[in-house]
Each structure stands twice: as structure tokens, then as C-alpha cells.
Colleague: 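Pasting a structure below so you can have a look.
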Amino acid sequence: MKAINSLFKTYRKHFDQHHQPIVMRSQVCLIRNFLEFKFSDFATDDEKRKILNFAKICTRKLKNFKTSFDLTALTPAERLALQEYEMIGKKLLTNHAWSEVICGSKVRAAVTINGGDHLRICVIHSGLQLKKSLEKASTIDDEIDGGDYAFLPDIGYLTSRPCSLGTGMRAAVFMHLPGLVLTEQIQYLTNAVQQIGIGINNVYGDSSRILGHVFKISNQQTLGIKESEEIRRLGDVVKTVMEQENMARTSFLEQNRILFRDRIGRMYGVLCSCYTLTSDDALEILSWMRFAVDLGIFDVKYRPGIDRLMVEIQPGNLALRCDQILTEEEQDRKRAIIVHTFFKQMGEPRFTD
Amino acid sequence: MESLKCSICGKKAAVQLRQMVNGSEQTIWLCAVCARNYGVFPQNTLPFSVIKNIEAALFSGFNEKEKYCLHCGCTMEFFRKNGYLGCAQCYEDLRGDLLPLLENMQKFLKHIGKSPKKFGPIVKKSTAKKSTDQVSLLKQLQKAIDEERFEDAVKIRDQLRLRTKNEGD
């Protein structure tokens with residue numbers, strides 16, 4: 001089996017740990033640069049080659065980080081699949097000269113070299129585990145740290161973009177918020193959250209269209225606040241959003257009890273019998289299914305499977321699974337087959353009333 | 001086109017000023033320098049206060065061109081256009097211009113979070129206070145990096161760190 005496939009196989013297992021309603025996963029990224037070199041975006045190809053070689057020496061001490069991928073040597077589908085697993089940024093899909101990603105074998109963690117900044121240490125855990133992610137990222141950071149970091153005592157770690165200056169930390173929690181979207185409260189929440197310096201974006205779809213009800217809630221402040229304090233603040237916001245979401249779900253279900261059950265039943269039918277399934281439809285239906293799992297309509301043990309499917313039905317992962325580039329129609333057909341297998345074993349929805 | 005030259009000095013014009021005087025429109029073309037030097041923008045006669053902002057933007061652009069990072073050559077103009085800086089040194093060389101932006105972006109301007117285990121000797125701004133021994137090591141380190149002998153670079157770095165530590169003790 002190719003190294004990248006076995007890596008994804010390990011990552012797929014991570015979905016099973018600490019799954020919970022509403023919160024899908026926590027992510028902490030630390031951005032670091034070396035003092036001696038220009039920032040990756042500004043550097044020429046030759047300089048980037050030097051940065052890469054230097055970074056490789058600094059990162060070879062890392063334990064359990066034995067798999068590394070030269071992004072230029074990977075196929076476009078493999079790069080896309082890595083991005084769908086959030087191990088690399090979107091920018092690296094096109095601009096990947098002299099970039100490499102070193103992946104952890106035990107945790108879902110990666111160190112990206114030359115992706116905008118020299119190093120991006122990214123750790124992801126299922127569920128709300130920001131503290132654990134930060135601790136792991138910080139350990140990796142300490143292992144790499146050889147006194148070569150660009151750092152000034154008064155303004156902290158220097159990053160190519162001043163919005164990360166200071167701690168260089170980008171922490172995010174991915175939340176599944178169908179209740180707030182369906183009761184049309186998401187806009188109020190977005191405004192309220194942004195006012196206290198926390199960002200909120202939908203993960204799928206674009207600015208005008210929310211798909212899959214998945215949102216990324218992330219910190220904006222990196223200067224004048226400790227990492228642990230910012231994580232605590234973000235965690236508090238996430239808990240408040242969870243309370244709001246639970247209230248929104250209750251009020252939605254009170255008003256649309258029959259409609260909701262009917263919709264779940266129909267969507268289950270679609271998942272089990274459709275011949276093709278577009279990415280947009282799949283995300284939408286999977287979101288409703290996760291919602292149904294939270295309410296006990298399906299067994300809770302299938303929740304990680306739905307989270308995993310949300311990644312696996314993306315174009316890059318589909319292409320990787322089939323080992324060839326697929327046309328849009330082939331993708332839709334393949335997607336339908338994958339969801340059939342999963343939902344048939346899941347069994348029919350159990351409505352208690 | 002004649003109209004695109006400054007009415008005063010004949011250089012390339014940057015500003016077109018239109019004013020309605022007793023019902024007839026007057027158009028004057030000025031280069032940025034003349035517009036400033038001859039005070040064509042007295043505030044009380046301006047038809048639109050917007051011009052004042054345009055003027056500010058125009059001249060701030062002129063000043064910024066002169067400021068650049070001594071290490072990588074990155075300017076504020078480049079930063080405004082692309083949203084990223086060139087190197088760590090930019091934070092020193094362009095600090096005056098970056099501070100107002102940082103104030104908008106961040107709540108506080110003092111880092112209180114994590115620090116690297118130890119600051120490498122190069123982080124310190126002046127090498128003047130260092131012993132000649134350290135300076136020669138620093139040069140060797142830079143040379144090793146330039147020649148991509150990273151294994152050697154790491155060794156030299158460790159030596160440097162040892163000396164700095166000894167000095168500290």
C-alpha cells in the first residue's frame with residue numbers, strides 16, 4: 001500500500017475517538033519561521049530549496065513523524081485529499097514548489113514546510129479537545145526549536161502575515177450547527193462572535209451559500225494574550241454556541257416535529273437508493289443524518305462514520321480511492337455507492353413516536 | 001496627451017483638479033509634488049473633502065517608496081498589495097508603518113505568550129558587543145547556510161549557543 005493511503009487509513013481511525021454532538025473537531029496550528037531566511041512567499045525558488053533543506057534538518061528529531069511527502073511529487077488527487085483532511089492549506093494545491101509535509105503516524109498532525117510560512121505545525125483532535133491539541137502542537141514546536149526561530153521579545157514570533165504575529169497560533173473548532181441555520185439565527189451569532197474577536201466561517205459552500213451546516217470558529221487575536229488564555233476564551237465561546245445550538249434545535253423540533261421526521265426518512269431513502277449523488281447534496285444530507293444521530297434516531301456509534309464520510313465523499317478522496325481521475329458524473333456515481341454501503345448497514349431510522 | 005502633464009512643471013500629472021468658477025469649469029493638471037508645494041489644496045476652497053484623503057493617500061505612497069527592508073527590499077507598498085512581508089527583518093525596518101496597522105488588527109501590542117527555549121545569538125540586534133570569536137562564528141554560520149552545509153551550520157550554531165551560555169553564567 002502506498003504511504004499516503006496507509007496514512008489516511010490511520011487518520012480515518014481517529015474519527016472514532018471522542019466523537020460528540022455539535023463539536024466535530026479541534027485544530028491548533030502554530031506558525032513558525034526561521035530567522036536566517038526570507039519568508040516562503042517572498043523567497044525565490046532557490047531560497048525555498050535552502051529553507052526546505054534547513055527545515056528538514058530541524059524536523060528530523062521529531063518522534064513519530066516518519067512519513068514525509070514532497071508535495072510536487074504527489075499527484076493532484078493526493079494533494080487534494082491531503083487538503084480535504086486539512087493537513088495542508090488550500091494555497092499549496094497550486095503553489096507547491098519546494099514544499100513538503102511531514103505527517104505524524106500516531107496523532108493527526110502535520111508539519112508543513114514552505115506553505116506561506118517556513119513551518120506550520122498543525123494538530124487535529126476529534127471533539128472539543130483544544131487543550132490537548134495545543135499541548136501536542138507545543139511539544140512538536142519545542143522539539144523543532146533549535147534557537148533558529150524568528151522571534152522578538154516584544155512582538156513574539158514573526159510571521160509573514162501580521163495577523164498571526166505574536167503567538168503565531170491559529171486555533172479552530174469545527175462545529176455542526178443545523179439548529180442555528182434552520183432557525184435563521186446563524187447571522188446574529190456570527191455578528192455577536194465577531195465582536196469579541198473570534199472568527200466564524202462556513203467550511204463547505206461559499207459566502208453566499210451554507211452547505212453541510214459545518215462552521216469553523218477560530219481565534220483572531222495573537223498578540224497580547226497567552227496561548228492557553230486564548231484557547232480558554234475560544235473554548236468558552238464554543239460552549240456558549242453549543243448552548244445556543246441546543247436551544248435552537250429544541251425550538252426547531254417543537255415547531256417542525258413531523259416535517260423533520262419526514263425529511264430524515266426521505267433522505268435515508270435517497271441515500272440508500274440514489275444512483276448518483278452530487279457533492280452538495282451529499283453534504284446536505286449527511287448533515288441531516290448527523291443531526292438525526294444526535295437525536296437518537298440512528299445509533300450513536302454511526303456518528304464517526306458520518307464525519308468520516310463528509311471527508312471521503314470529496315473529489316480528492318474519491319479519486320484516490322479509485323486510483324484515477326474521475327469525471328464529475330463518475331464522481332457522483334462513486335459517491336452514491338459509498339453512501340449506499342454505509343447507510344444500508346446503519347439500518348432504517350427509528351422514530352419512537 | 002498634453003492635458004496629462006503638470007500645468008506647472010510639465011512632469012507627468014497625478015492629480016486633475018476641476019473647479020466650477022462662476023458657472024464655468026476650470027481643469028488643472030498637477031503632478032503630485034507641485035500639488036503639495038504650491039498648496040493647491042487649501043481646505044476651505046475644496047469642493048469635496050474627499051480630495052484631502054486622496055492627497056493623503058497619494059503622499060503617503062510617495063513617502064513609503066523610500067522606506068524598505070534592508071534585508072529583503074520589501075516595501076510597505078508591496079505589503080499593502082499582497083498582505084505579507086518579506087522577512088523577519090521587515091518587522092524592524094518597517095516597524096513605524098506597521099504599528100498603526102497592528103493596532104487595528106490586534107488588541108494589544110505586547111507579546112506575552114510562549115517564547116522559544118532560548119533566543120539564538122543572531123536574534124540580538126547588534127553584534128558589536130560580541131567577542132570577535134563570536135562574530136567569526138556568526139560569519140561561519142552565515143557562510144555555511146549560504147553554501148548549504150546545514151550539518152555544519154547546526155554544529156556552529158551549537159558552539160555559538162554554548163559560548164553565549166558561558167557568557168551568561
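Chain letters run A, B, ... following the sequence lines, proteins first, then strands; residues in each count from 1. Just so it is clear, the values below take in all heavy atoms, side chains as well, and ignore hydrogens, waters and symmetry mates. As the structure is a computational prediction, the values presented were derived from the model and not from experiment.
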Colleague: In terms of heavy-atom proximity below 4.5 Å to chain A, should B:Gln89 be classed as side chain, backbone, both, or neither?
Modeller: neither
Colleague: Is B:Leu102 close to chain A through its backbone or its side chain, or both, or neither, when contacts mean heavy atoms under 4.5 Å?
Modeller: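 When you check distances to chain A, only side chain atoms of B:Leu102 fall under 4.5 Å.
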Colleague: If every non-hydrogen atom of A:His125 is compared with every non-hydrogen atom of A:Ser133, which pair is closest and at what distance?
Modeller: ND1-OG, 2.9 Å
Colleague: Based on non-hydrogen pairs under 4.5 Å, which of A:Asp41, A:Ile57, A:Thr167 is most in contact with chain B?
Modeller: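 It is A:Asp41.
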Colleague: Select one option (side chain, backbone, both, neither) describing which atoms of A:Asn33 are under 4.5 Å from chain B's heavy atoms.
Modeller: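 A:Asn33 has no heavy atom closer than 4.5 Å to chain B.
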Colleague: Under 4.0 Å between a side-chain nitrogen and a carboxylate oxygen: does that hold for A:Asp154 and B:Arg95?
Modeller: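 Salt bridge present between A:Asp154 and B:Arg95.
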Colleague: Non-hydrogen atoms of chain A under 4.5 Å away: do they reach the side chain of B:Arg149, the backbone, both or neither?
Modeller: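 Neither part.
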Colleague: In terms of heavy-atom proximity below 4.5 Å to chain A, should B:Cys74 be classed as side chain, backbone, both, or neither?
Modeller: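 Contact with chain A: backbone and side chain both.
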Colleague: I'd like to verify something: which residue of A:Phe34, A:Phe42, A:Phe37 has the highest number of heavy-atom pairs under 4.5 Å with chain B?
Modeller: A:Phe42
Colleague: Evaluate side-chain hydrogen bond (donor to acceptor under 3.5 Å, both in side chains) for A:Asp206 paired with A:Ser208, printing each intermediate quantity in order.
Modeller: CA-CA 6 Å; A:Asp206 48 46; A:Ser208 57; 2.9 Å; yes
Colleague: Check whether A:Asp117 reaches the backbone of A:Ser160 with its side chain - one donor and one acceptor, N or O, closer than 3.5 Å.
Modeller: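 Side chain of A:Asp117 to backbone of A:Ser160, a donor-acceptor pair under 3.5 Å: yes, one is there.
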Colleague: Look at atom NZ of A:Lys91 and say whether more than 12 heavy atoms of other residues, nucleotides or ligands are closer to it than 6.0 Å.
Modeller: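 Enclosed: over 12 neighbouring heavy atoms sit under 6.0 Å from NZ of A:Lys91.
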Colleague: Is A:Glu230 close to chain B through its backbone or its side chain, or both, or neither, when contacts mean heavy atoms under 4.5 Å?
Modeller: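 The answer is neither part of A:Glu230.
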Colleague: Ion pair present between A:Arg32 and A:Asp145, side-chain N to carboxylate O less than 4.0 angstrom?
Modeller: no
Colleague: Which answer fits A:Ser138, side chain, backbone, both or neither, if we ask what part of it has an atom under 4.5 Å from a heavy atom of chain B?
Modeller: both
Colleague: Please flag which part of A:Ile225 lies under 4.5 Å from any non-hydrogen atom of chain B: side chain, backbone, both or neither.
Modeller: backbone
Colleague: What heavy-atom pair brings A:Asn219 and A:Met169 nearest, and what distance separates the two atoms?
Modeller: ND2-O, 3.2 Å
Colleague: With a 4.5 angstrom heavy-atom cut-off, which part of A:Ser228 approaches chain B: side chain, backbone, both or neither?
Modeller: neither
Colleague: Can you give me the closest heavy-atom contact between B:Gly86 and B:Cys90, atom names plus distance?
Modeller: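 Looking at all heavy atoms of both residues, the shortest contact is N-SG, 3.5 Å.
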